[in-house]
2 protein chains.
Amino acid sequence: MPDIKHFDPDRALERAERLFWRHGAATTSIQAVTAETGLNRSSLYATFGDKRELHLAALRRHVRLRSAPVCAALAADPRGLPAVREFFAGLVDARCEGEYARWGCMLVNAYAGEEAADPEVRAVLDGHHRSLRDAFRAVLETARDQGQLAPGVVPGDGAEVLVLLAYGVNVRSRAGAGAGELHRTVAAALAGLASGSR
Amino acid sequence: MPDIKHFDPDRALERAERLFWRHGAATTSIQAVTAETGLNRSSLYATFGDKRELHLAALRRHVRLRSAPVCAALAADPRGLPAVREFFAGLVDARCEGEYARWGCMLVNAYAGEEAADPEVRAVLDGHHRSLRDAFRAVLETARDQGQLAPGVVPGDGAEVLVLLAYGVNVRSRAGAGAGELHRTVAAALAGLASGSR
DNA sequence: TTCATCCTGAAACGGTCGTTCCAAGTTCCG
DNA sequence: CGGAACTTGGAACGACCGTTTCAGGATGAA
């Protein structure tokens, strides 16, 4: 083993992930990545390959470290509908306040970009879509078994609806929609799922 | 009046609109616009100004000629819920089949792009959001007056939910989601609005 | 017809893009 | 200590970016 890397690859990837997240793949230049990470072009290319591979690695890191844990926690939550409400409350807050306010969701942003034509990008997006949908379905099945669900609500279909709702929240939050407005809208959408609500 | 334009500005703008719609603002070059429209840089700049202004004009044309008429027809539809179902059926078909399949919605794409930080772009997006929401609210009020609405559904809140649902459909359709899947999901979402559904 | 006015075509601007290359430096193994 | 293996810094590549400029052609008014 002759020489060792002088930097932490995952730390650099996390910086790149943030750039791609906030500005998008097309408008994030390699130069911007080198400036943000502190390392130079050679190290970047030697470690991650070209820009497309770097973006893919950033997308996959995002799914692995940010999206997947949330999906797993959601799927394993035994509370039923309250878990769904908590998920959306956290989503709205994360999108409207704090460090990542108005960044939207990195994956939803990728849907709308030119990069969505890339089969490997699409595979990441599809994988995340399935994860989130399956998590919602599990929670809705739990809710149904506990009698929380309004009659007529099918967990599989309801889960797809909730995923689209989450996409909508992510889209709308990027244009500066207020947290209060989104909380209210989400509450109205979820009210239709609960038994005894009407 | 010395000389007259040798081309139809709106025809050129429509070509540019399609490029921005399909590929996004960042990845559509002026060169691509000149190639698509057939006119050269000078005429382009003299007519529309720089790239930002061209993109804004394309966005506004999109709202004026494609989005606004649909919103107006929706708002004026006297049928209530069937109008909502027809809107979404048409949306899903337009996004999944035909000439514009998998292009998504130009406005939703703009939400996710870097251009959403531009105040003028954001004004266009907000205007469209309000138009669509108001149209949905009008239709839901009609539905309520005709007894079609499930008790507990507030037209104002339901309208916001439907807009987010539409955003979700637009996002998901760009990654190749099937029309059948989206039709089914939309149907499940709308079922919760109808009276006697549960 | 003359002329002022506008449009068109094409070349060119500086800047930035993603990517490659290579010399110099650093590290571990024997 | 010698040298192979690998990283690093930095220059350089051609291509493309958005934009400007200008000469020359076309047009309508007087």
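A note on names: the letters A, B, ... follow the listed sequences, proteins ahead of strands, and every chain is numbered from 1.
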Original post:
Roughly how far apart are B/Tyr167 OH and B/Leu107 CG, rounded to 0.5 Å?
Top reply: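 The OH atom of B/Tyr167 sits 8.0 Å away from the CG atom of B/Leu107.
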
Euclidean distance, atom [atom1] of residue [X] to atom [atom2] of [N] [Å, nearest integer]:
X: B/Asp50; N: C/dC13; atom1: CG; atom2: C1'; value: 17 Å
X: A/Asp3; N: D/dG9; atom1: CG; atom2: P; value: 11 Å
X: A/Asn40; N: C/dT20; atom1: CG; atom2: C1'; value: 13 Å
X: A/Lys5; N: C/dG25; atom1: NZ; atom2: C1'; value: 16 Å
X: B/Lys51; N: D/dC16; atom1: NZ; atom2: P; value: 15 Å
X: B/Ile4; N: D/dA29; atom1: CD1; atom2: C1'; value: 14 Å
X: B/Tyr45; N: D/dG18; atom1: OH; atom2: P; value: 7 Å
X: A/Leu44; N: D/dG10; atom1: CG; atom2: P; value: 16 Å

Subject >> Most 5' of B/His6 and A/Ile30 on DNA chain C, judged by nearest nucleotide >> reply: B/His6

Original post:
Of A/Gly49 and B/Phe7, whose closest DNA chain C nucleotide lies nearer the 5' terminus?
Top reply: B/Phe7

Phosphate OP1/OP2 of [N] contacted by [X] side-chain N/O (<4.0 Å):
X: A/Ser43; N: D/dT8; answer: yes
X: A/Gln31; N: C/dG18; answer: no
X: B/Ser29; N: D/dC17; answer: yes

**OP:** Determine, stepwise, if the pair B/Glu53 / B/Arg60 fulfils salt bridge (Lys or Arg N to Asp or Glu O under 4.0 Å).
**Re:** CA-CA 10 Å; B/Glu53 294 175 283; B/Arg60 293 186 175 123; over 6 Å; no

Original post:
Any donor-acceptor pair under 3.5 Å joining the side chain of A/Ser42 to the base of C/dT20?
Top reply: no

Subject >> Connected via hydrophobic side-chain network under 4.5 Å: B/Val84 and B/Val161 >> reply: no

**OP:** Examine B/Leu165 and B/Val154 and state if one hydrophobic cluster contains both, with Ile, Leu, Val, Met, Phe, Trp and Tyr joined whenever side-chain heavy atoms are less than 4.5 Å apart.
**Re:**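 B/Leu165 and B/Val154: separate clusters.
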
Original post:
Do the charged groups of A/Arg52 and A/Glu120 touch, with an N to O distance under 4.0 Å?
Top reply: yes

Original post:
When we call it a touch if two heavy atoms are under 4.0 Å apart, what does A/Thr28 touch: a base, just sugar-phosphate, or nothing?
Top reply: sugar-phosphate

Subject >> Residue whose nearest DNA chain D nucleotide is more 5′ - A/Leu39 or B/Ala32 >> reply: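 On the 5' side of the pair lies A/Leu39.
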
Original post:
Counting side-chain heavy atoms from C-beta on, which of C/dA12, C/dT20, C/dC21 comes nearest to A/Arg41?
Top reply: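 Of the options given, the side chain of A/Arg41 lies nearest C/dT20.
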
